Amino acid sequence: MSNLSSKPYQIGYALTPKKEKTFIVPSLLSYASEKGVVLAKIDPSKPLIQQGPFDCILHKLYDSDWKQNLQDFASRNPNVPIIDSPDSIEILHSRISMLETVSKLRITNTGVPKQITVTELTDMEDLKLNFPSIAKPLDADGSETSHKMHLVFDKGGLKDLTPPFVLQDFVNHGGVIFKVYVAGKYSRCMKRKSLPDIPEEKLVNLKGSLPFSQVSNLAAAGGEGSEIEKTEMPPEKLVEELVEGLKEELKLNLFNFDVIRDGRSKDKDKYIVIDINYFPGFGNLVSGETIAVASGPEAAKRGTTTGGVAVVEVDCDVGLVNDLV
Ligand SMILES: O=P(O)(O)O[C@@H]1[C@@H](OP(=O)(O)O)[C@H](OP(=O)(O)O)[C@H](O)[C@H](OP(=O)(O)O)[C@H]1OP(=O)(O)O
Ligand SMILES: Nc1ncnc2c1ncn2[C@@H]1O[C@H](COP(=O)(O)OP(=O)(O)O)[C@@H](O)[C@H]1O
Ligand SMILES: [Mg+2]
Ligand SMILES: [Mg+2]
């Protein structure tokens with residue numbers, strides 16, 4: 001752990017302006033400072049080796065100049081941890097390789113939805129397709145279009161879509177999604193609003209496609225007696241196995257994944273992973289106890305107006321940003 005009497009531990013951060021606004025909040029800065037940690041903004045357009053010195057780099061930028069900049073820095077500073085490696089992050093930028101990591105885990109009662117990749121609309125005739133399905137852009141790189149999805153009810157619904165995309169079975173799951181946040185050794189599972197079930201009898205009258213985007217960011221009616229409150233959490237052991245398995249497979253410190261209960265399965269404990277994101281919005285977590293990231297009331301207690309994040313202890317032995325309190 002860092003020690004207040006020693007030199008501050010310098011974490012350089014390189015984030016988009018949006019991410020900086022939600023992550024580098026006053027509560028984080030003051031908490032970090034209490035722990036002897038300084039968060040210093042990096043100018044990504046300038047060589048990293050001319051900035052700093054840094055004990056650790058935290059980033060969520062993906063352009064090739066930045067990756068080169070990081071690589072130059074890493075080759076001169078091989079002992080400075082980079083959270084996280086661009087090659088590891090890259091796996092999450094395709095909705096194919098992203099879910100392949102889950103398939104490799106072979107954990108009982110978990111899996112991924114069936115999906116096919118569509119690169120051209122012309123060959124669709126020969127394919128066996130299931131409806132309803134969700135068309136998701138192949139790239140999941142945080143770009144403007146990467147969250148633009150379509151519910152597709154029949155073959156006709158495909159004609160207005162722009163390849164490449166994956167066509168994934170829509171799985172009824174009771175309208176509630178579980179988001180599992182991982183930050184180093186901490187993880188947290190929470191419920192969020194999701195798309196409602198599509199009963200078979202309704203499907204007969206549904207035609208074409210319906211666009212949607214970032215459903216789980218919609219304000220959820222999560223009060224007493226709500227669907228969200230009534231929904232049982234997935235078994236802790238299963239979540240733990242997924243967290244450990246994915247950490248090992250992905251070699252990432254900061255990520256979250258979306259899990260839904262498979263309503264088609266007779267086994268009520270079958271869960272599937274539908275999405276994995278690098279360095280998500282940790283500020284969306286709800287606090288109340290000692291958890292990975294504190295937001296809302298905890299941030300208020302700290303006298304900040306943002307519902308943001310209080311983070312960061314540094315384990316100097318392994319050199320990871322691994323304690324989010
Ligand atoms: O906007 P936020 O704070 O909700 O965070 C987004 C995440 O929302 P979540 O934490 O799951 O609620 C969001 O997760 P979902 O894809 O919505 O499951 C992404 O991680 C998003 O990053 P990007 O646009 O894919 O690079 C995240 O966006 P950035 O904050 O990284 O820009
Ligand atoms: N296979 C699926 N079956 C049912 N609902 C799904 C499925 N995939 C995604 N969803 C719903 O669509 C939302 C967005 O899909 P997701 O893959 O998480 O994209 P994003 O990267 O934009 O979060 C999910 O939060 C969930 O509500
Ligand atoms: Mg998602
Ligand atoms: Mg996502």
Side-chain angles (χ1 to χ4, degrees), residues 16 18-19 60 62 89-103 110-118 129-153 157 161 164-182 188-200 202-203 206 209-222 227-228 231 234 242 246 250 252 254-265 270-282 284-285:
T16 60
K18 178 195 163 224
K19 195 70 178 172
K60 187 176 178 181
Y62 308 132
I89 298 172
E90 188 86 26
I91 309 276
L92 301 185
H93 284 176
S94 145
R95 292 193 193 267
I96 301 171
S97 51
M98 173 201 284
L99 294 192
E100 276 171 355
T101 62
V102 183
S103 306
T110 65
V112 295
K114 206 165 144 257
Q115 68 177 18
I116 57 162
T117 310
V118 179
L129 304 172
N130 298 330
F131 296 106
S133 61
I134 298 192
K136 305 185 179 187
L138 189 55
D139 289 340
D141 54 1
S143 58
E144 216 181 293
T145 50
S146 67
H147 298 286
K148 293 197 170 142
M149 322 252 146
H150 286 81
L151 270 174
V152 187
F153 303 113
L161 307 183
F165 55 84
V166 297
L167 199 57
Q168 191 176 91
D169 285 1
F170 178 89
V171 178
N172 282 340
H173 55 281
V176 176
I177 193 167
F178 306 100
K179 297 191 83 87
V180 183
Y181 289 80
V182 180
R188 191 75 178 159
C189 178
M190 59 179 292
K191 297 184 241 182
R192 218 79 85 81
K193 188 182 163 71
S194 184
L195 292 177
D197 288 351
I198 306 176
E200 227 166 279
K202 277 210 180 142
L203 190 61
L206 293 166
S209 71
L210 192 69
F212 70 95
S213 182
Q214 297 210 280
V215 194
S216 63
N217 279 358
L218 299 177
E227 259 336 287
I228 295 205
T231 302
L242 278 171
L246 284 175
L250 292 165
L252 292 173
L254 301 176
F255 65 96
N256 77 353
F257 55 93
D258 296 344
V259 181
I260 56 176
R261 198 176 70 75
D262 189 340
R264 303 165 306 184
S265 167
K270 167 100 198 280
Y271 290 85
I272 55 178
V273 177
I274 53 165
D275 185 28
I276 314 177
N277 305 291
Y278 183 60
F279 199 160
F282 287 104
N284 300 325
L285 282 170

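Counting starts at 1 for both ligands and their atoms, following the listed order. Remember, predicted model here, so these are calculated numbers, not experimental data.
Considering each of Val171, Ile134, Asp169, the one bringing a non-hydrogen atom nearest atom 1 (N) of ligand 2 is Asp169.
An angle of 100° is found at the Mg ion (ligand 3) between Asp258 atom OD2 and Asp275 atom OD2, rounded to 10°.
The proximity of Leu195 to ligand 2, defined as any non-hydrogen pair under 4.0 Å, involves the side chain as well as the backbone. The parts of Ile274 lying near ligand 2 are both backbone and side chain, judged by heavy-atom distances below 4.0 Å. At a heavy-atom distance under 4.0 Å, atoms from both the backbone and the side chain of His147 approach ligand 2.
With ligand atoms numbered from 1 in the order given, ligand 2 contributes 1 (N), 2 (C), 7 (C), 8 (N) to contacts under 4.0 Å with heavy atoms of Gln168. Those atoms of ligand 2 with a heavy atom of Asp258 less than 4.0 angstrom away are 18 (O). Near Asp275, meaning under 4.0 Å from one of its heavy atoms, ligand 2 places the atoms 16 (P), 17 (O), 18 (O), 19 (O), 20 (P), 21 (O), 23 (O). Those atoms of ligand 2 that come under 4.0 Å of a heavy atom in Ile177, given as number and element, are 24 (C), 25 (O), 26 (C). Under a 4.0 Å criterion applied to the non-hydrogen atoms of Ser194, ligand 2 contributes the atoms 26 (C), 27 (O). If you number the atoms of ligand 2 from 1 as listed, the ones under 4.0 Å from a heavy atom of Lys136 come out as 8 (N), 9 (C), 15 (O), 16 (P), 17 (O). Each of the following atoms of ligand 2 lies closer than 4.0 Å to a heavy atom of Met149: 15 (O), 19 (O), 20 (P), 22 (O).
With sequence neighbours excluded, no residue forms a side chain to side chain donor-acceptor pair (under 3.5 Å) with Lys60. Here Glu90 pairs with Lys67 under the side chain to side chain donor-acceptor pair (under 3.5 Å) rule; sequence neighbours left out.
Using a 4.0 Å cut-off between a side-chain N of Lys or Arg and a carboxylate O of Asp or Glu, Asp275 and Lys136 do not qualify as a salt bridge.
In this structure, Tyr181 and Phe282 have tilted ring planes: the angle between them lies in the 30° to 60° band.
No donor-acceptor pair closer than 3.5 Å links the side chain of Lys270 to the backbone N or O of Gly263.
The N/O atoms of Ser146, backbone and side chain alike, include none that comes under 3.5 Å of an N/O atom in ligand 2.
Contact record, Val259 with Ile177: O-CG1, 3.5 Å, taken as the closest heavy-atom pair. Ile91 approaches Ser97 most closely through the heavy-atom pair O-OG, 2.8 Å. Heavy atoms only, all atoms of each residue included: Val112 and Ser103 are closest at CG2-OG, 3.7 Å.
In this structure, CD1 in Ile198 is found 6.5 Å from CG in Leu206, a value given to the nearest 0.5 Å.
Partner of Ser194 under the side chain to side chain donor-acceptor pair (under 3.5 Å) criterion, chosen from His173, Glu227, Lys179: His173.
Using a 4.0 angstrom heavy-atom cutoff, Arg192 does not count as in contact with ligand 2.
Taking backbone and side chain together, Ser146 holds no N, O or S atom under 2.8 Å from the Mg ion (ligand 4).
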